[in-house]
Amino acid sequence: MAEPRRRWLRPRGADDLGLRRALADRALPLLVASMTFLAALSAAGFVAASAIARHWQEGAAASLTVLVPRPGEPAVEPGRTRRDAALAVLGGSPALAEFRALADSELADLLRPWLGADAERMSLPLPAVIAVRLAHGAGERGADLDALAARLDAAAPGALLERQDVWARRLAVLARSLQACAGVVLLLVGAVAAALVAVATRAGLAARREAIEIVHLLGATDAYIAAGFARRVTWLAGLGGTAGAIAALPILLALGLLALPFLRRDIGAAADPAALAGAVPPLLWLVLPALAAAAAAIGWLTAQATVRAWLRGLP
Amino acid sequence: MIRMQAVGLRYPGREGPEVLRDLDAFVPAGGFRWLLGPSGAGKTSLLRLLYLAVRPSRGRLDLLGTEIGAADRAALALLRRRIGVVFQDFRLLDHLTAFDNVALPLRIAGRPEGQIRADVTEMLRWVGLHSRRNVHPPALSGGEQQRVAIARAVINRPSLLLADEPTGNLDDAQAERLMQLLKELNRLGTTVVVATHNAALVARHPAPALELEAGQLVAGGRAADDGRRADRGQRVDG
C-alpha cells in the first residue's frame, strides 16, 4: 500500500498536543469578535472626537470679530478714521492670518432679519465689523489677544475684540475628554480580550494536561509546547478579530455619514452614495485591519505567557 | 551514567516520610540494572526521578554527566531527549496514530520528516506493527500498545533507557523478543534500567539489580553493596 503523501513532509497543521478539540473553537472567536466590535466602536469614537476637537480648534477658535463703534470719526492719531486706525493695528499684528472689514452692504445683510430691508436707510450708528482669522496656533495664546485688544482700544477707544476662542476651547476640552474615555475603553477592551484568551488557554491546558506532560517528558521545550498553543489561539483570535472588524464596518459607515456635515461644510446632510467612502476618516480604514491584527497579537502573547507560566509547574 | 548521592524524594505538599531516602548508587554508562522490590517500595518514584518527571528534594543526582539540581529547564528538556521511557501504562497519545506516536520524539527533536518516515517505518516493522501504523491507540490491543510504547522509547537511540514493567502485557515470546532488544541496545552502549516483578524473567537474564524496600536501597546501591562490583558496570548476561 502506498504511503499517503503527507508522510513525506511534516503534516501541515500537525497537532501533537491534540489542541484542535481542546481549545474552544467557537466560543473564543465569538468572544474575540465581540471584543473587536466594541474596540472598533471605541476607536471610531476616538478618531471622531479628535477630528471634532481639531475642527473646533482650527475653525471657531481661530476666528474673532473686531467691532469699532463710530468708525467714521477721527481716531486718536490725527489724519485717519477710527476704522482705519483699527485696521492699521490689526495689520501690524503677526498673530493674524487675515482680516477683512465687512462692507456696509454685508452688514445690512446681517441685520436684515432683525431690522428689515430698510436697515441701510435708518442711519443707525452701526459699528465697523472686521472679521479676523488667527494664524495657526495663535488661538491658544490668550495673552497675545489681550495685548491686541489693548492696542485696539488705545488706537480707537471703545473698539471691541469679540473672542470665540474661550467657548471653542471649552468644547475642544470636552472633545479631548471624550477622546480620552474612548482610549480608556479601548485599553479595557484589550485587557478583557487578553483575560478571555488566558481563561480559554488555561481550560485548554487543563483539558490536554496529560498530553502536555507526555510531550514534556519526551523532551519538548517550553517554547515547543507554548508555540503549539499560541498557533491555535492566534488563529482563533485572528478569526474572531476579523469577523468583529467586518461586523463593525457598516455601523462605522453609518456613524461617519451622520458626522459628515459637522466636519465638512461642502457636503450636505443627505450625502450621496459616492460620499460613503469619504464618510469614514482615512485613519479608521487603517484601524479596522489593525484591530484584527491586534486581536491575533493579543492571542499569541497571552497564550505564550499563560502556557509558559503553567509549564513552570513541571520540572 | 547514573550517580545518586544521598538522594531523597518527597512529593511537594505531602506530609510524612520521604518516598525515597538516602539513595546512593552508581550505574556506569552502558550498564544494565534490574530494578526490583515489592509494590510500593518506590520503584516508580525512582524511575520518575530518572526520567526527570521530578527533581530530587535533597541529595545530588547526576544523569548522563549532568547534575540535575543545577541544570536549567532548557538543559533538562535536551537531557530528556536522550532518555527513553517505557511507561507501565504506555502513555500513548490517543489522538495520534501509532506512526505519529512513535514519530513524536523525533518531531520534538526537530528531525527532518524524510528521516522520521524512514526510521519510524523501520521501527514499526521491527515491532511487527507496520500494518497497524495508521491505527489510533484505543483501537490497538494491550500488547500492541506496549509495542508502540517501546518503539517510541527507543526510536531516538537514547543513552538511557528506563522501562517500568515492560513485559506486563506481553506473552512469553514477545517478552523474550523485548529482552533481546533491550540487551542489544545495552550492548550498543545504552544504559538500561528495567523495573519488574517478573522473577522468571530476571532469572532467565541475570544482571545486577537495584533493590528497593520502603524507599531505601537494600541491594545494588553503594551503601548496600561494597560498591566495587557495581562500579565495574557488568552488562546483562544470558
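When reading the values below, keep in mind they use all heavy atoms of this one structure, side chains included, and skip hydrogens, waters and symmetry mates. Here is how names work: the chains are called A, B, and so on, in the same order as the sequence lines, proteins then strands, and each is numbered from 1. Since we're looking at a predicted model, the values are computed, not measured.
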Worksheet entry | Contacting moiety of B:Ala74, where chain A heavy atoms sit under 4.5 Å | neither
Response to the item:
One option among B:Ala53, B:Pro105, B:Ala153 has the most heavy-atom pairs under 4.5 Å with chain A, and it is B:Ala53
Worksheet item: Would you find more than 12 non-hydrogen atoms of other residues, nucleotides or ligands less than 6.0 Å from A:Arg202 atom CZ?
Response: no
Worksheet item: Side chain, backbone, both or neither: which part of B:Arg152 has an atom under 4.5 Å from a heavy atom of chain A?
Response: side chain
Worksheet item: Under 3.5 Å, is there a donor-acceptor pair between the side chain of B:Arg91 and the main chain of A:Ile214?
Response: no
Practice prompt. For atom CH2 of B:Trp126, decide whether the heavy atoms of other residues, nucleotides or ligands shown that lie under 6.0 angstrom number more than 12.
Written response: yes
Discussion item. Can you tell me which portion of A:Leu17 sits under 4.5 Å from chain B's heavy atoms? Options are side chain, backbone, both or neither.
Written reply: backbone
Worksheet entry | Contact class of B:Arg73 relative to chain A, heavy atoms under 4.5 angstrom | side chain
Item to complete: Answer with side chain, backbone, both or neither: which region of B:Leu52 has an atom nearer than 4.5 Å to a non-hydrogen atom of chain A?
Response: backbone
Worksheet entry | Other residues, nucleotides, ligands: >12 heavy atoms within 6.0 Å of B:Glu122 CD | no
Worksheet item: Can you name the closest pair of heavy atoms from A:Asp16 and B:His95 and give their distance?
Response: O-NE2, 2.8 Å
Practice prompt. State, yes or no, whether a side-chain contact exists between B:Arg80 and A:Pro315 at a heavy-atom distance under 4.5 Å.
Written response: yes
Discussion item. Can you confirm whether more than 12 heavy atoms, excluding those of A:Glu210, are under 6.0 Å from its CD atom?
Written reply: no
Worksheet item: For B:Arg157, does the CZ atom sit with more than 12 other heavy atoms under 6.0 Å from it, leaving out its own atoms?
Response: no
Discussion item. Just so I know, are the side chains of A:His216 and B:Leu76 near enough to count as touching, which here means a heavy-atom distance under 4.5 Å?
Written reply: no
Worksheet item: Side chains of A:Leu218 and B:Asn156: does their closest heavy-atom pair fall under 4.5 Å?
Response: no
Worksheet item: Does any heavy atom of chain A fall under 4.5 Å from the side chain of B:Leu92, the backbone, both, or neither of them?
Response: backbone
Worksheet item: Can you find a pair of side-chain heavy atoms, one from A:Leu217 and one from B:Val85, that are under 4.5 Å apart?
Response: no
